[in-house]
Amino acid sequence: MTATANTLASGPGWHVADVICTASAGDRPFEEVHRDFCVAAVTSGTFRYRAQQGTAMLAPGSLLLGNSGTCYECGHEHGSGDRCLSFHFGPAYMDRIVADVPGAGKLTFETPRLPPLPAIAPLLAEAEAARDMADAGAFEEIALRIAGAAVATVSGARHASRDPSRRDQKRVAEAVRRIELHADGPVSLPALADETATSPYHFLRTFRQVAGMTPYQYLLRTRLHRAAVRLRTSDDAISAIAFEAGFNDLSTFNRRFRRVMGETPGRYRSGRVGSR
């Protein structure tokens, strides 16, 4: 076996895996079956991908597109090895995404890949950063956004640029209040969407439009803000502050705090007024 797949995150109807292939030019191309819809972001290496939609060369920044239940073949005639972030979606899950992309009318991909596109590059960078930081919580939102971007691009659909309705604003305001109330515990995207009677993809798109960030990003900002206040106003142990804010381990908290606040929690605390 020349490919290994490490599942990074999963949920009902979807999962994402870090797939590393070590095949070389001398290895025979292997054939497999897409059990679900697949949108795989190539992060390193090149390979040839052949599926029912056609044949394409995949390179870093491009997206492999696979339809559920179809066979495919990968080969490395021109180089050794590759690495992908492979997002998989069950037909029912993908169907809901397609239904929420304005102008998209088909569930199947008619092209085998999307080339590196400037509009998708920031999203792929987010996905790779989440992989490298072991940020499993970020992947459901990233998976929805990548699937939606692939569907919209392939179908030529464009999201209508309109101001959020009063109803949309009310839904997001209610979601924000829920995040504020429960920031120290698990807050899932499907649960937030269910409370607004919308699909996760539609809710995610609306929340980003109204709040300027995703629900998960807002949750992290809320947790970090509360931790920062406690660092400046109490002498509690940093680990206790991190756990009570909702972070499961200290190393993750330290890494996130430094990334957002620009310094470690300890240095941030030492800068408070009256500190010795």
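Counting begins at 1 with the first residue of the sequence.
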Q: May I have the step-by-step check of salt bridge (charged side-chain N to carboxylate O under 4.0 Å, His left out) for Glu195 and Arg171, ending in yes or no?
A: CA-CA 9 Å; Glu195 291 186 359; Arg171 285 169 169 167; over 6 Å; no
On a heavy-atom basis, which atom in [X] and which in [Y] lie closest, and how many Å separate them?
{"X": "Ser68", "Y": "Pro91", "answer": "OG-CG, 3.8 Å"}
{"X": "Phe47", "Y": "Cys84", "answer": "CE2-SG, 3.9 Å"}
{"X": "Pro112", "Y": "Gln53", "answer": "N-CB, 3.8 Å"}
{"X": "Tyr218", "Y": "Glu180", "answer": "OH-OE2, 2.6 Å"}
{"X": "Ala175", "Y": "Phe207", "answer": "CB-CE1, 4.0 Å"}
{"X": "Cys74", "Y": "Tyr49", "answer": "SG-CD1, 4.1 Å"}

Determine whether a donor-acceptor pair (N or O, by modelled atom type, separation under 3.5 Å) exists between the side chain of [X] and the backbone of [Y].
{"X": "Ser86", "Y": "Val19", "answer": "no"}
{"X": "Thr43", "Y": "Arg83", "answer": "yes"}
{"X": "Thr206", "Y": "His202", "answer": "yes"}
{"X": "Arg255", "Y": "Met133", "answer": "yes"}
{"X": "Arg223", "Y": "Phe253", "answer": "no"}

Salt bridge check, [Y] against [X]: does any charged N sit closer than 4.0 Å to a carboxylate O?
{"X": "Arg145", "Y": "Glu141", "value": "no"}
{"X": "Arg258", "Y": "Glu263", "value": "no"}
{"X": "Glu128", "Y": "Arg131", "value": "yes"}
{"X": "Arg226", "Y": "Asp184", "value": "no"}

Q | Sole residue of Val176, Val187, Leu204 in side-chain contact (heavy atoms from CB on, under 4.5 Å) with Leu192 | A | Val187
If you round to the nearest 0.5 Å, how far is [atom2] of [Y] from [atom1] of [X]?
{"X": "Arg205", "Y": "Thr214", "atom1": "CZ", "atom2": "OG1", "answer": "15.0 Å"}
{"X": "Ile120", "Y": "Ile146", "atom1": "CD1", "atom2": "CD1", "answer": "8.5 Å"}
{"X": "Leu189", "Y": "Glu140", "atom1": "CG", "atom2": "CD", "answer": "5.0 Å"}
{"X": "Phe139", "Y": "Tyr216", "atom1": "CZ", "atom2": "OH", "answer": "10.0 Å"}
{"X": "Ser44", "Y": "Ile20", "atom1": "OG", "atom2": "CD1", "answer": "8.0 Å"}
{"X": "Ile97", "Y": "Leu144", "atom1": "CD1", "atom2": "CG", "answer": "5.0 Å"}

Q) So with a 6.0 Å cut-off around NE2 of His182, is the heavy-atom count from everything else above 12? A) yes
Q | Residue Arg221 excluded, over 12 heavy atoms near CZ under 6.0 Å | A | no
Counting C-beta onward and ignoring hydrogens, is there a side-chain heavy-atom pair between [X] and [Y] closer than 4.5 Å?
{"X": "Phe37", "Y": "His88", "answer": "no"}
{"X": "Asn254", "Y": "Pro265", "answer": "yes"}
{"X": "His76", "Y": "Asp27", "answer": "no"}
{"X": "Ser234", "Y": "Ile241", "answer": "yes"}
{"X": "Gln52", "Y": "His34", "answer": "no"}
{"X": "Thr153", "Y": "Leu117", "answer": "yes"}
{"X": "Leu65", "Y": "Cys38", "answer": "no"}
{"X": "Ile142", "Y": "Phe87", "answer": "yes"}

Q. Going by atom types only, do Asn67 and Tyr72 share a side-chain donor-acceptor pair under 3.5 Å?
A. no
(Q) Quiz question: by atom type and distance under 3.5 Å, do the side chains of Ser165 and Asp168 form a donor-acceptor pair? (A) yes
Cluster question for you: counting only ILVMFWY and a side-chain heavy-atom cut-off of under 4.5 Å, with indirect links fine, are [X] and [Y] together?
{"X": "Val229", "Y": "Leu231", "answer": "no"}
{"X": "Val154", "Y": "Leu123", "answer": "yes"}
{"X": "Met57", "Y": "Val39", "answer": "no"}
{"X": "Val16", "Y": "Met94", "answer": "yes"}

**Q.** side-chain contact (heavy atoms from CB on, under 4.5 Å) between Ile238 and Arg269, worked out
**A.** CA-CA 9 Å; Ile238 293 177; Arg269 163 174 273 176; 4.1 Å; yes
Q.
Show, in sequence, the C-alpha distance, side-chain angles and deciding distance for Leu63 and Leu124, and conclude whether the side-chain contact (heavy atoms from CB on, under 4.5 Å) test is met.
A. CA-CA 9 Å; Leu63 292 180; Leu124 300 188; 3.9 Å; yes
Q: For the pair Phe247 and Phe243, evaluate ring-ring contact (aromatic ring centres under 6.0 Å, His included) and give the outcome as yes or no after the intermediate values.
A: CA-CA 5 Å; Phe247 293 94; Phe243 296 142; 9.4 Å; no
Q) In terms of the angle between their ring planes, are Phe89 and Tyr93 parallel, tilted or perpendicular, with boundaries placed at 30° and 60°? A) parallel
Q) Would Trp14 and Asp36 satisfy side-chain contact (heavy atoms from CB on, under 4.5 Å), going step by step from the backbone distance to the final call? A) CA-CA 9 Å; Trp14 71 277; Asp36 293 310; over 6 Å; no
Q) Step by step, would you call Asp18 with Thr4 a side-chain contact (heavy atoms from CB on, under 4.5 Å)? A) CA-CA 8 Å; Asp18 180 21; Thr4 58; over 6 Å; no
